[in-house]
Amino acid sequence: MHAFRQILRIETRLYLRDLPTLLTTVGLPTLILVVIGLVPSLRKPDPTFDGQTFVSYFAPSLLVVTLAMVGVNTLPSVLATYRERGVLRRLATTPAHPAALLAAQLVLALAGILASAVLLIVVGRLAFGVPFPRHPLGFALAFVLGTASLLALGLLVAAVARTTKAAQALAVPLFLVTMFFGGVYLPRFLLPDVVARIGDYTPPGVQALLDAWTGTSPQPLHLAIMAVIAVAAGASAAKLFRWE
Amino acid sequence: MSVIEVTHLRKRYGDLVAVDDVSFAVEPGEIFGILGPNGAGKTTTVECVAGLRVPDGGGVSVLGLDPRRDAAQLRQRVGVQLQESQLPDRLRVAEALELYASFYRNPADPAALMDRLGLGEKRNTAYKKLSGGQKQRLSIALALVGNPEIAILDELTTGLDPQARRDTWGLIEQVRDSGVTIVLVTHFMEEAERLCDRVAVIDRGLVVALDSPAGLVSRVAPEQRIRFRPSAPVDDRLLSDLPEVSAVQRTGSQVVVTGTGDLLHAVTSVLARHQIVAADLRLEQSTLDDAFVELTGHRPVD
């Protein structure tokens, strides 16, 4: 526990030192929100979106941006790099266990995701009248499960990829698919219905986020699928993870 | 009492036998070299000693403990510097040392260690910005920061320029003088000759020789050669009658005496008795390089 705290302290410093990555992780979704929000017609309630504005409708997809970036991109590359460079192996020769470093990285990934989400929600509310999530408990649940499912997939990538290059080769398509089904590239109302429905069940489960944000409780099936993915991917990652 | 005992160690990866049958013992306070061509099983051997791998057969005892069962205890008492282990680019020297120091119950003072390893001025430098030699010294510092009783150093000076390599050797001698037992894995003969009290030569997973560097040379490649220009004519028989001498040749004005044992003393004494001065005298001895070739049948890679 003591080693974990020390490692977390140092890893936090390294995390804060990498300013470009930090700003992208925390700030990018909010930046996109601001750009979209500056278009007046997108701030008008629209029957296409059940009387909400496009900005409100699109906000959950912007959450997907951070979740996908951190979960399936940054986390696996950092862990694969640490393994490739022998950082984990060196740690294994000391009284500290390399799992402490992995745990510290997870904590930082979560912190980044949380900071990004809070910034997005607050700026959306203050600047563009995007309501706070109307079903807070459901939203928290959908957010936690969606995050867990993507982080678990990221860990699985880190577990099976031998090198940083291999991790990126796996992470990039996964990232693109996550973003696509999350309605980031094309807003979901423009996607064919079948694609949008698939997107309900691919991590992080953007429909559950949207439902909870705009007022109804998320569907149990959507949440259950995310929980199953999180547990299955997490368990496989734990089984397959190599420290060297 | 030996601090490390390895008996009939065996380790394979699938069909590949990395270590076939390796035995040796390391005495307290010595620098023990593990020498061998690439792929001979050196690294696997020390990884078993460090408790990073489970042997398939044989025994390993470190400080009287079992590297697997007593791993937690041994990690406090054994420092390991692994081959090609790096650190995060943005981590600074002092941060790395303070972090690693925090893992140990009785660590060395990071600041003092940095000064001792000539890293004091680099304390706030990021790992990425360090030179190869500085990275290597930091790596050694991390292996020492827990105040270990044993330090295992794998391919310590690979990739360093000659000056940095010599500086590192000086450092290792200092560490030994402070009472740490050192296990040094290397494929540089010069390094082993300069540093090691004893070396085990490993080839294809087997120990092919175990002796002091000088002992190895005199046992495996004992031939010595003395060249000189005598100040007065010398009768060949004067020299060839000596028990140490095996051959006497002449090339121009030079006499070349080949032999074994205390050849130099024997030759110079007999010359002195006859009041002959040996000008331009040179002694050519086999090196560990030659012994290595004799033992393993290949040239050490450099």
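Chain letters run A, B, ... following the sequence lines, proteins first, then strands; residues in each count from 1. Below, all heavy atoms of this structure are taken into account, side chains as well, without hydrogens, waters or symmetry copies.
In this structure, no portion of A:R9 lies under 4.5 Å from any heavy atom of chain B. For chain B, the nearby parts of A:I7 are the backbone and the side chain; heavy atoms of each come within less than 4.5 Å. Contact of B:R92 with chain A is made through backbone and side chain together, with heavy-atom distances under 4.5 Å. The contact between B:Q76 and chain A is made by backbone and side chain atoms together, counting heavy-atom distances below 4.5 Å.
For B:E84, the CD atom counts as loosely surrounded, since its 6.0 Å shell holds 12 or fewer non-hydrogen atoms of other residues, nucleotides or ligands. Atom CD of B:E121 sits in a sparse spot, with 12 or fewer heavy atoms from other residues, nucleotides or ligands closer than 6.0 Å. Around atom CZ of A:R162, no more than 12 heavy atoms belonging to other residues, nucleotides or ligands sit under 6.0 Å away.
Between A:Q6 and B:S102, the closest heavy-atom pair is CG-OG, 3.3 Å. Looking at every heavy atom in both residues, A:G86 comes nearest to B:S85 through O-OG, 3.2 Å. Nearest heavy-atom pair, B:F103 versus A:T94, reported as atom, atom and distance to 0.1 Å: CD1-OG1, 3.6 Å. Scanning both residues, B:L99 and A:I10, for their nearest heavy atoms gives CD1-CG1, 3.9 Å.
Two residues are said to be in side-chain contact when any heavy atoms from C-beta on lie closer than 4.5 Å; A:R89 and B:E47 meet this criterion.
Listed for the A:R17 side chain is a donor-acceptor partner under 3.5 Å among the backbone atoms of B:R90. When atom types are taken as modelled, the side chain of A:R90 and the backbone of B:V80 share no donor-acceptor pair closer than 3.5 angstrom.
In terms of non-hydrogen atom pairs under 4.5 Å with chain A, the most contact-rich of B:G79, B:A71, B:S139, B:A96 is B:S139. Between chain A and the options B:D89, B:L142, B:L74, heavy-atom pairs under 4.5 Å are most frequent for B:D89.
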